[in-house]
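Excluded from the calculations below are hydrogen atoms, water molecules and symmetry mates; all remaining heavy atoms, backbone and side chain alike, are included. One-based numbering along the sequence shown.
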Amino acid sequence: MVLLRSPALAAWRRLRPPARLGPHALGAAQARAASAHCATAALSGPPAGPPVAPRPANEDWASFSVEQWRSAAYCSKSFFAQLSEDTTDFIGGLCDELGGADEHGPLLVEVGCGTGEALLPLSVGAGARCRFALGIDFNPAFIRYCRETVPEECGSRVKHLVGDATDLVGLCQRELPVEWHAEGRPKVVTCVGNTIGIMPQEVRAKVYQQMMELAGTDGYMVVVYWNGNRFGDAVQNFYHKNPQLCGEFTGASVDFDTCTLTTPSGYSTHWTKPEEARHIFETEIGARVVKLQESGNGVLVAGRAMWPF
């Protein structure tokens, strides 16, 4: 297992607030998506959908507790409930296209898996939509929780690793059974709940490239951003009403032109409009956009590498 080592990554661990839920991390970021059912999950089991809750500011994400995460996720429940469902449907449809849970179906990877809510509905039970599933986060408590939550009968098909997403390809090669990443098995590599939106630029660029390399030309790289066209509504009806997530702030903390909120507590998040998301994939990443969907509070994008690595 590979932990974060660089100064930039270490700084991110200290400063970034939690974000998909939980989330839908390295994954995860302040703006991470939390399951629409996280509220009851703490008592009754794991949530049924992907994450959507920002993490409270000024926490060391590597030591953020499961209880803190689920408390934050509860605050996001109503605001991101539909996006949670849409994220599952979007990713599930791509997995179905590549063979679903059949023998030659895809490996589904989530960068920044949090407490596993995004992977569970796609990888366990009769409704599984991938052959194998891998969740990566650099918070050991989250990974322990995920491993305890996965049904025993699914243990041979679902894994969770503590690791560094800037070394995603190497991590998979070292830690996964050969069958999981064998040549010819398609891969759907995801980062949901706006996790990507709070990564420092130098980290984000590396993660994008690692995701695209792993997905290759026959799989999909999927990023779910929070929708910049809904940023104003989010400031008023989500962030302002939940200061425990991002800290108190005034209008001076809000930049409506760039859809960015930076609060005195250190919490910072950027919301992405559909046209910006397309530009990121095509220009910054160098990927071909296969599907782009604006869905309420989210912008869901699937792309592919334009040439083999």
Side-chain angles (χ1 to χ4, degrees), residues 19-25 27-29 31-41 46-54 73-98 100 106 108-125 127-130 133 135 188-197 211 215 219-234 237-238 259 269-278 280-281 289-303:
R20 216 189 271 100
L21 201 145
H24 244 340
R32 201 131 183 199
S35 163
H37 305 287
C38 267
T40 57
V52 274
Y74 176 77
C75 298
S76 303
K77 177 182 176 183
S78 61
F79 195 81
F80 290 102
Q82 187 59 53
L83 178 56
S84 177
E85 295 180 13
D86 292 343
T87 297
T88 296
D89 291 342
F90 186 86
I91 296 173
L94 298 173
C95 289
D96 292 344
E97 176 189 319
L98 297 175
L108 173 61
V109 178
E110 185 188 3
V111 171
C113 64
T115 49
E117 292 83 4
L119 281 181
L120 279 179
L122 293 164
S123 60
V124 304
R129 301 172 78 172
C130 61
V188 179
V189 188
T190 71
C191 187
V192 308
N194 206 43
T195 291
I196 206 81
M211 290 177 65
Y220 291 109
M221 168 186 174
V222 179
V223 180
V224 178
Y225 302 94
W226 285 354
N227 188 359
N229 288 327
R230 301 295 295 273
F231 180 66
D233 179 48
N237 296 309
F238 179 59
C259 301
T269 185
H270 171 67
W271 288 48
T272 304
K273 294 183 178 181
E275 56 271 26
E276 180 187 358
R278 180 178 292 277
I280 290 171
F281 265 65
V289 173
V290 177
K291 185 176 182 181
L292 190 153
Q293 175 180 318
E294 181 178 8
S295 179
N297 291 320
V299 177
L300 304 88
V301 190

By side chain to side chain donor-acceptor pair (under 3.5 Å) - contacts of D89 (at least two apart): none
Establish, yes or no, whether a centroid distance under 6.0 Å links the rings of F80 and W226. yes
Applying side chain to side chain donor-acceptor pair (under 3.5 Å), can you list everything that pairs with E276, at least two apart in sequence or on another chain? H270
By salt bridge (charged side-chain N to carboxylate O under 4.0 Å, His left out), D233 pairs with (sequence neighbours left out) R230
Checking T115 against E117: is there a side-chain donor and acceptor pair closer than 3.5 Å? yes
Measure the spacing between CG of L94 and SG of C130 and express it to the nearest 0.5 Å. 12.0 Å
Please enumerate all residues that pass side chain to side chain contact (heavy atoms under 4.5 Å, CB included) together with V290, with sequence neighbours excluded. Y220, R288, R304
Min side-chain heavy-atom separation M211-V222 under 4.5 Å: no
Any heavy-atom pair between the side chains of T88 and L122 that's under 4.5 Å? yes
Student check: side-chain heavy atoms of L119 and L108 closer than 4.5 Å: yes
Is the side chain of T195 donor-acceptor paired with the backbone N or O of C191 at a distance under 3.5 Å, no angle test? no
Can you find a heavy atom in the side chain of E294 that is under 4.5 Å from one in the side chain of N229? yes
Is the shortest heavy-atom distance from the side chain of T87 to the side chain of E85 under 4.5 Å? no
What heavy-atom pair brings A118 and V192 nearest, and what distance separates the two atoms? CB-CG2, 4.3 Å
Where do W271 and A234 come nearest, in terms of heavy atoms and distance? CH2-CB, 3.3 Å
Atom CG in L292, atom CZ in F281: separation rounded to 0.5 Å? 8.5 Å
With sequence neighbours excluded, what pairs up with N297 under the side chain to side chain donor-acceptor pair (under 3.5 Å) test? none
Here the pair of heavy atoms bringing S123 nearest to A133 is CB-CB, 3.5 Å
Of all heavy-atom pairs between P106 and L98, which one has the smallest distance, and what is that distance? CD-O, 3.7 Å
So, for C95 and R129, which heavy atoms are closest and what is the spacing to 0.1 Å? CB-O, 2.8 Å
What residues, two or more places apart in sequence or in another chain, satisfy side chain to side chain contact (heavy atoms under 4.5 Å, CB included) together with E275? K273
Check whether any side-chain heavy atom of P274 sits under 4.5 Å from a side-chain heavy atom of N227, and report yes or no. yes
Considering only heavy atoms from C-beta outward, does the side chain of V223 approach that of I196 to under 4.5 Å? yes
Which pair of heavy atoms, one from G135 and one from C113, lies closest together, and at what distance? C-SG, 3.6 Å
Between atom CZ of F90 and atom OG1 of T190, what is the distance when rounded to the nearest 0.5 Å? 11.0 Å
Within the 4.5 Å heavy-atom criterion, are L83 and L300 side-chain neighbours or not? yes
